[in-house]
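Reminder, nothing fancy here: chain letters follow the sequence lines and each chain counts from 1. Heavy atoms only: backbone and side chains are in, while hydrogens, waters and symmetry mates are out.
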Number of protein chains: 2
Amino acid sequence: MGRVTIRDVAERAQVSTATVSRALSGAKPVSPAVVDQVRRAADELGYAGNGIASALRRSRTDTVGMVVPSIANPFFTGLVEHVEHALQDVGRQLFLCSSRSDPELEAQRLRSLVARQVDGIIISPVHGSLSTTAVRWAADELPLVQVDRYVTGVDSDWVGVDDDAALELVMEHLADRGVRSAAFVSSQLTNSSTELRGAGFRRHAARLGIAVRERDVLLGEYSIEWGRQAALALLAAGPRPDAVVCADDLIALGMLQACAAAGVDVPRDLLVTGFDDIPFAALSHPPLTTVRQPQAEIAAEAVRLLSRVLGAQEAPPARVALRPSLTVRSSTSR
Amino acid sequence: MGRVTIRDVAERAQVSTATVSRALSGAKPVSPAVVDQVRRAADELGYAGNGIASALRRSRTDTVGMVVPSIANPFFTGLVEHVEHALQDVGRQLFLCSSRSDPELEAQRLRSLVARQVDGIIISPVHGSLSTTAVRWAADELPLVQVDRYVTGVDSDWVGVDDDAALELVMEHLADRGVRSAAFVSSQLTNSSTELRGAGFRRHAARLGIAVRERDVLLGEYSIEWGRQAALALLAAGPRPDAVVCADDLIALGMLQACAAAGVDVPRDLLVTGFDDIPFAALSHPPLTTVRQPQAEIAAEAVRLLSRVLGAQEAPPARVALRPSLTVRSSTSR
DNA sequence: CGGGGTCGTGCAATCGATTACCTGAACGGG
DNA sequence: CCCGTTCAGGTAATCGATTGCACGACCCCG
């Protein structure tokens, strides 16, 4: 297990370490015969190189870090998958961290990524303001792109979905279905995208003449469990609204389950919508009408923006809001 | 963005770099006054350290790599979350890679992790034999623990669930429900756990007098989509078995959806079981009876085994098969 | 045949932190 | 008051790969 180094290879191939390095990386021309000799020596010794040493010298690791609030949420894992895919095309690896929706942990992850000298960071920050300090610091240290959510007060690229447009789609769809009153179930409005969804909900409800009672706006967290609890609270509290707009699919799925358990028929008695269009949204009973996020595009754009900065091209921070679309399923069709 | 190094801190604090290093790491005693001075200097300069340089010198990174076949599958993401949790307690960070069920990509990830000098690797190998070479090589280079699945011919620790016992639970449960014939829908039997599940299915079916027709054993991949397709194939092909045993929950959920669409009532017309007990298994229609994997325990044990090896304690490779349990829901209750 | 250019290779500095070894001061006991 | 011990802190080697610079061989053209 004693690691084999470039010196060992050099010795065996009867050349200098410089030549070995050049032969293997192809950075500078080396005569074919020598390349062959070196390759053989490296193979015979099982030379694997030392990425750490290489990273130290070149001060780049060909690695980007990604920090997401949760890896239990299929929306984020989908995003991660696409990012990983996109990165592979530009020859980089992904270093994934979960901040578990904790700004403290998030700051720690960021510090760790910076210390590990990743070439850049893609982050979906936990909190609109509590995350600011750490994100700003990281953005000062190296290229950083925010996805899905962003914190205020940091000049960095951002790419996500147009949340207001998304809620416009949802609310107009509901209005078309004859909805006159609606509830909104969400996590706390402590990050940009959630906040924008809440604002969009209210704005478009007002515009379309859909009534919103204050007690029908329920804020908890992005989880199935919260969806269940919110459903119970909603059903227990007097007259039902015509529809429930959920800020993500996990909440909506929990809501659907609790409704079924309580004998409330969706969509006959109540319409329900979600957000993200995770794979499981098609499997619920009834299948969920939800906003489809263009995950692949978001990921590709994030990687593109990061590469741009990595290529040292100075440019004003970009804010890219992609158009969402609506996937209509049975949870809103009578 | 010019990084601040230990020399800068040393200069500002009027001490040597050695002292800075010791003051910040606490490796050797440094007078409180100097520690304070150094701390202040480091703070003022925003010193973040260089993990790469440190790693090179100490030849450890306090990082472990994890390679899973898919990060779209909630079973693996659940595992990853628990592993990350457990690692945090021992002061290490997780470097997550997805092999996307491709042995080639998996080998590449392993090479990359070794080059990055992670301290150890936790892997759920893609393929029982195609993964062997890469896994063996990696296991030679550094401590390695296999989880869930294992490859043949590598002496490494493994921790997972007792698949035979799991299928015993499933089949006995089905027998109790009066099932006389069953189908098995799975991915290809090209990895250890899937293979063991298939074998367990047959063994316990035979033992309990449950009939299994060859054409009712359908092998595809671990995905919702394959579950759907298998359902169609199964329903199209003459007389239905009494039950369908699925090798994971994704397949089972796809199966349930396709059954509902085809007007087959589960559990009245057909019983369906899954494997893993992912969060979404409780949300389907009907809720899914499935084998619960003790994810937290698997993760904790994997980390424990890895720490054992990292602590240089030589020991024979351990194979830890944890007991699964059965979560009974409506998909098998008449 | 000589001068300028190209090309392959080696030497040694370098990246930034850690640490083995050394130095000098302070201190305590005989 | 002297010598051995202790301890803080400095000097410089080290981890392994990359790369600027230099050197020698060879080629081409005038």
Heavy-atom donor-acceptor pair, T61(B) side chain to Q117(B) backbone, under 3.5 Å
yes
Terminal axes of the helix from dC1(C)-dG30(D) to dG30(C)-dC1(D) (five pairs each): angle between them, nearest 10 degrees:
40°
Could you tell me how far apart R7(A) (CZ) and dC11(C) (P) are, to the nearest whole angstrom?
11 Å
Under 3.5 Å donor-acceptor, D157(A) side chain and A318(A) backbone
yes
Can you tell me if D8(A) uses its side chain to pair, donor with acceptor, with the backbone of T5(A) under 3.5 Å?
yes
Could you walk me through whether E44(B) and R39(B) satisfy the side chain to side chain contact (heavy atoms under 4.5 Å, CB included) test, starting with their C-alpha distance in whole Å, then the side-chain angles of each, then the deciding distance to 0.1 Å, before giving a yes or no?
CA-CA 9 Å; E44(B) 284 166 6; R39(B) 283 249 174 78; over 6 Å; no
What's V15(B) touching, base or sugar-phosphate or nothing? Going by heavy atoms closer than 4.0 Å.
sugar-phosphate
Look at the aromatic rings of F95(A) and F95(B) and report parallel, tilted or perpendicular, splitting at 30° and 60°.
parallel
Given atom CD1 of I6(A) and atom C1' of dA12(C), what is their separation to the nearest angstrom?
14 Å
Could you check L87(A), T63(A), V118(A) and say which one makes a side-chain contact (heavy atoms from CB on, under 4.5 Å) with L94(A)?
L87(A)
Has E84(B) got a side-chain atom pairing as donor or acceptor with S98(A)'s backbone, closer than 3.5 angstrom?
yes
Give one of base, sugar-phosphate or nothing for V34(B), where a contact means two heavy atoms less than 4.0 Å apart.
sugar-phosphate
Side-chain N or O of S31(A) less than 4.0 angstrom from OP1 or OP2 on dG8(C)?
no
Might you confirm whether atom CD of E104(B) has over 12 heavy atoms from other residues, nucleotides or ligands at distances under 6.0 Å?
no
Stretch residues 56-65 of chain A: residues that reach within less than 4.0 Å of DNA chain C through a heavy atom:
L56(A), R57(A)
Please classify the nucleic acid contact of G51(A) as base, sugar-phosphate, or nothing, using heavy-atom distances under 4.0 Å.
nothing
Extract, from 5' to 3' on DNA chain D, the first and final nucleotides lying under 4.0 angstrom from some heavy atom of chain A.
dG16(D) to dC21(D)
For F75(B), is there any backbone N or O sitting under 3.5 Å from a side-chain donor or acceptor partner on Q295(B)?
yes
Want to settle it: does K28(B) or A53(B) sit nearer the 5' end of DNA chain D, counting the closest nucleotide to each?
K28(B)
Give the nucleotide from the list dG8(C), dA12(C), dG10(C) with an atom nearest to the side chain of P29(A).
dG8(C)
Position toward the 5' end of DNA chain C (nearest nucleotide), Q14(A) or Y47(B):
Q14(A)
Which whole-number value in Å describes the distance from N50(A) CG to dA17(C) P?
17 Å
Short question: side chain of E106(B), backbone of V126(B) - any donor-acceptor pair under 3.5 Å?
yes
Are any side-chain N or O atoms of Q146(B) and backbone N or O atoms of V151(B), one a donor and one an acceptor, separated by less than 3.5 Å?
yes
